[in-house]
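Here is the structure we will look at, set down as structure tokens.
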Amino acid sequence: MGELTLGQYYPVDSVLHRLDPRVKFVGTIVYIVGLFQVRGVFGYLFAAAVLLLLIFLSKVPFRFILKSLKPVFFLLIITMLFNVLLTPGTVLWKWWILRITKEGLRQAVTMGLRLVFLVCGSSIMTLTTTPNALTDAMERLFSFLKIIRVPVHEIAMMMSIALRFIPILTEELDKIKKAQMARGADFESGGVIRRLKAMIPLLVPLFVSAFRRANDLAMAMEARCYHGGSGRTQMKPLRYRRRDAAAYILMAVFLGICIVFRITGL
Amino acid sequence: MQIELKDLSYTYGLHTVYEVPALKGINLKIRAGEFIGLAGHTGSGKSTLIQHMNGLIRPTSGQVFYEGKDIWEEGYDLRELRTHVGLVFQYPENQLFETTVLKDVMFGPGNQGLSEEECRKRADYALKLVGIPEDLYETSPFDLSGGQKRRAAIAGVLAMNVEVLILDEPTAGLDPAGREEILTLIRHLRDQQGITIILVSHSMEDVAAYAQRMIVFHEGEIAFDGTPKMVFSHFRELEKIGLAAPEITYIMHELKERGLDVDVSAITVPEAKRSILMALAQKNS
Amino acid sequence: MPIIRAEHLGFDYVKFNDDNETEERVNAVKNVDLSVERGSFIAILGHNGSGKSTLAKQINALLIPTEGTMWVDGINTSEEQELWKVRQKAGMVFQNPDNQIIGTVVDEDVAFGPENLGIETEDIWLRVEDALKSVGMLGFRDRSPNRLSGGQKQRVAIAGVVAMHPDCIVLDEPTAMLDPNGRREVLEAVKELNRREHVTVILITHYMEEVVFADHVIVMDKGSIILQGTPREIFSQVETLKKYRLSVPQATELAYELRQSGCGLPEDILTSEELVEALCRLN
């Protein structure tokens, strides 16, 4: 169980898994930017083809990609409904105050596809990259922000510690919940206020534990000579290889094609 | 029969890739007033088992009876069951949350819907049982010492007037003095209050010294069930499943092998002492 | 030169009230003199609140003595500019295995210390491999720590310290939260390190069975050292230990009880083998 709840890394060996996480991070952004350039049918077909190719290359089973759509499914439906019902234009069908327009349908399909592609595209990144590698990538990519005194290293350290402790705290919360249930606590019935009140016996111990863990961890880090990012070396520093350069070139090509689609309106 | 488990099985993550069978067809009867030591190494299923006894986990198959009633039958009040079968988890002090010790102990009775007055009475009674002095009632539970915190947490379960008390490694992380305090308390609860005790412990020495009946779990099944003496006589088999008998057992067997006529079933220091002294006297006469 | 030396060591915890005034002063360690030889295995016993943890934290400068002086390999731990050197020389392993692992992958966690020391990447890899090998965890290098047993996590934590190439490792109740198998694993790993790599070990514990292997045992109570000597010398004083509510191994206790009843057993029995041997020789 554990870390499966968080991040969705799918451990297989593929070209995409082997790419530098920075490439995947930039690549995801490039894909999203490209996605918002295309308008016409051919543009979307192109974006879909690229997506399918990436999924194929990632060796991640298709159902895992689809799973990532589950949490946004509700959002997707709402977005499409609003677009269908609220876009003015040529009316195709009308009932009471509800009306469906041609433009609305078009808009809904466009928005829906964009959302689906966007979620699928970014989940390819999270499925092929460990959360830790992603944190590393972000630390490196945003290191230029250090000039304006953004504590990039510290933020990255915080993120990776959070990644390590979220599963531990989740498990702990479950344990506390069971223990309070053994003391007769009831988390299921009652109104909102009562349920919120029932949370106190869970949250207080959880916070106490989180603080104690934070304290212990800080001490353990200090004992192991941690003193911030300066003078720190890395066991697994990110190094670009030839395939990463190739990936960047392909991204440029992809973006170029998308812009062509935008200009031609295809 | 106070608690009865019938063909009980439980599988974690049923119908997923991570399916792990934790209990396989357990049949177990527990009578009122027993003191049971539950042993087995981490992952043997004992922690899963005890959570079945107060209905925190629903068995994948099989039945759980309390006082003859199937607890998973339609309409059975599980919350009431939990006031009869108290479960003290590992490191119970991690679940303290109230602003004062007294209020924390009152949480259980409060959940039973008792009046403030009655809750206070119950809490006072439970705190006295575990030996927390009255002048600590109004302090924050977080200001207590490690051993006191744990005893206060146990009081939190006792205050529900339980008939069965299940404790998961109640001595974990305590120093020898603290360990003894807790174990003496548990023995007292059984002898004076007649509470059925189920003690999950890694310490064979503790089980040998305190329990009347010992149940050993291995890979989700009951490997041994009998008096500690009987179970420890199988110490070779116990070793095979990664457990050991108390040091005394080894000493007694070794002495017997070397020709001293001692009682090999002795499992505690006083028993061993008596038997060795007798054997020595016999030899010299 | 001893690797660790303390003179008149004292430590006060000060509790402040809301107005930032001293409300309470707790004398956790008082007037401790200590000298630990390089390569030795020292055990510190005592129950909760005896000051043993406070003493341990002063060895790697997590706490700075409020009285007296502590030297690690000749360096005074009170000198602030030497802080990181002291911590590199005296590594520390804590009680809770979950709260001292920083990395989300085993080998990355072991690398944490060396990374902080600014070791070159290639060297880090060598150190991590050696350290994991020395605690028998090399096969788990790509695992997530969350999937390991308590004993395995503690061994990873020990490897994390070993990778910093310390002269001395202080273990603060490393087995208190483990089951018997985990305890055995960790203890074996520690003994191996001491024997094979000659790392000085300071083991803080309240399990008497773990002390039997030590070269030297220190018993603490209320912040002071009340007994010290070889395990044999310590465990021959069953009465004193009982007075301080410390237990002794069952073999020692049985030997003591038999002696009380008039058996002519020697006073320094430590293991069951020795007890059996002595009993068989009684006639």
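All chains are named by letter (A, B, ...) in the order of the sequence lines, taking the proteins before the strands, and each is independently numbered beginning at 1. The figures here come from the full heavy-atom set of this structure, side chains too, leaving out hydrogens, waters and symmetry mates. Every value quoted in this text rests on a predicted model; they were computed, and no experiment measured them.
- For the side-chain contact (heavy atoms from CB on, under 4.5 Å) criterion with C/Gln250, the lone passing option out of B/Thr268, B/Thr249, B/Ile248 is B/Ile248.
- Comparing B/Ala272, B/Ala177, B/Pro270 by how many heavy-atom pairs each has under 4.5 Å with chain C, the most go to B/Ala177.
- Contact residues of residues 38-46 of chain B toward chain C are B/His41, B/Thr42 (heavy-atom distance under 4.5 Å).
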* **side-chain contact (heavy atoms from CB on, under 4.5 Å) between C/Ser272 and B/Glu254, intermediate numbers included** => CA-CA 9 Å; C/Ser272 8; B/Glu254 189 62 30; over 6 Å; no
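- One finds the OG atom of C/Ser261 at 11.0 Å from the CZ atom of B/Arg274 (value rounded to the nearest 0.5 Å).
- Taking C/Glu273, C/Met208, C/Gln95, C/Glu277 one by one and counting their heavy-atom pairs under 4.5 Å with chain B, the maximum is reached by C/Glu277.
- Shown here is C/Arg143, whose CZ atom has no more than 12 heavy atoms of other residues, nucleotides or ligands within 6.0 Å.
- Only the side chain of C/Asn181 comes within contact range of chain B, with at least one heavy atom under 4.5 Å from a heavy atom of that chain.
- Proximity to chain C among residues 197-210 of chain B is limited to B/His202, B/Glu205, judged by heavy-atom separations below 4.5 angstrom.
- Residue B/Met278 qualifies as open at atom CE: its count of foreign heavy atoms under 6.0 Å is 12 or below.
- Between B/Asp175 and C/Leu246, the closest side-chain pair of non-hydrogen atoms is not below 4.5 Å.
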* Asked: Please walk me through it: do C/Cys280 and B/Leu260 pass side-chain contact (heavy atoms from CB on, under 4.5 Å)?
  -> CA-CA 7 Å; C/Cys280 289; B/Leu260 198 63; 5.6 Å; no
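- Atom CG of C/Leu258 sits about 7.5 Å away from atom CG of B/Leu280, to the nearest 0.5 Å.
- Of all heavy-atom pairs between C/His206 and B/Leu174, the closest is NE2-O, 3.2 Å.
- Contact of B/Glu271 with chain C is not made at all, since no heavy-atom distance falls under 4.5 Å.
- C/Thr271 OG1 to B/Tyr250 OH: the interatomic distance, rounded to the nearest 0.5 Å, is 14.5 Å.
- At most 12 heavy atoms of other shown residues, nucleotides or ligands fall within 6.0 angstrom of atom NZ in C/Lys222.
- Looking at C/Tyr207, the atoms closer than 4.5 Å to chain B (heavy atoms on both sides) all sit in the side chain, from C-beta outward.
- A salt bridge is defined here as a Lys NZ or Arg NE, NH1 or NH2 lying under 4.0 Å from an Asp or Glu carboxylate O, and C/Arg245 with B/Glu180 fails to meet this definition.
- You'll find the side chain of C/Asn48 stays beyond 4.5 Å of the side chain of B/Ser145, heavy atoms only.
- In this structure, the portions of C/Leu254 lying under 4.5 Å from any heavy atom of chain B include both its backbone and its side chain.
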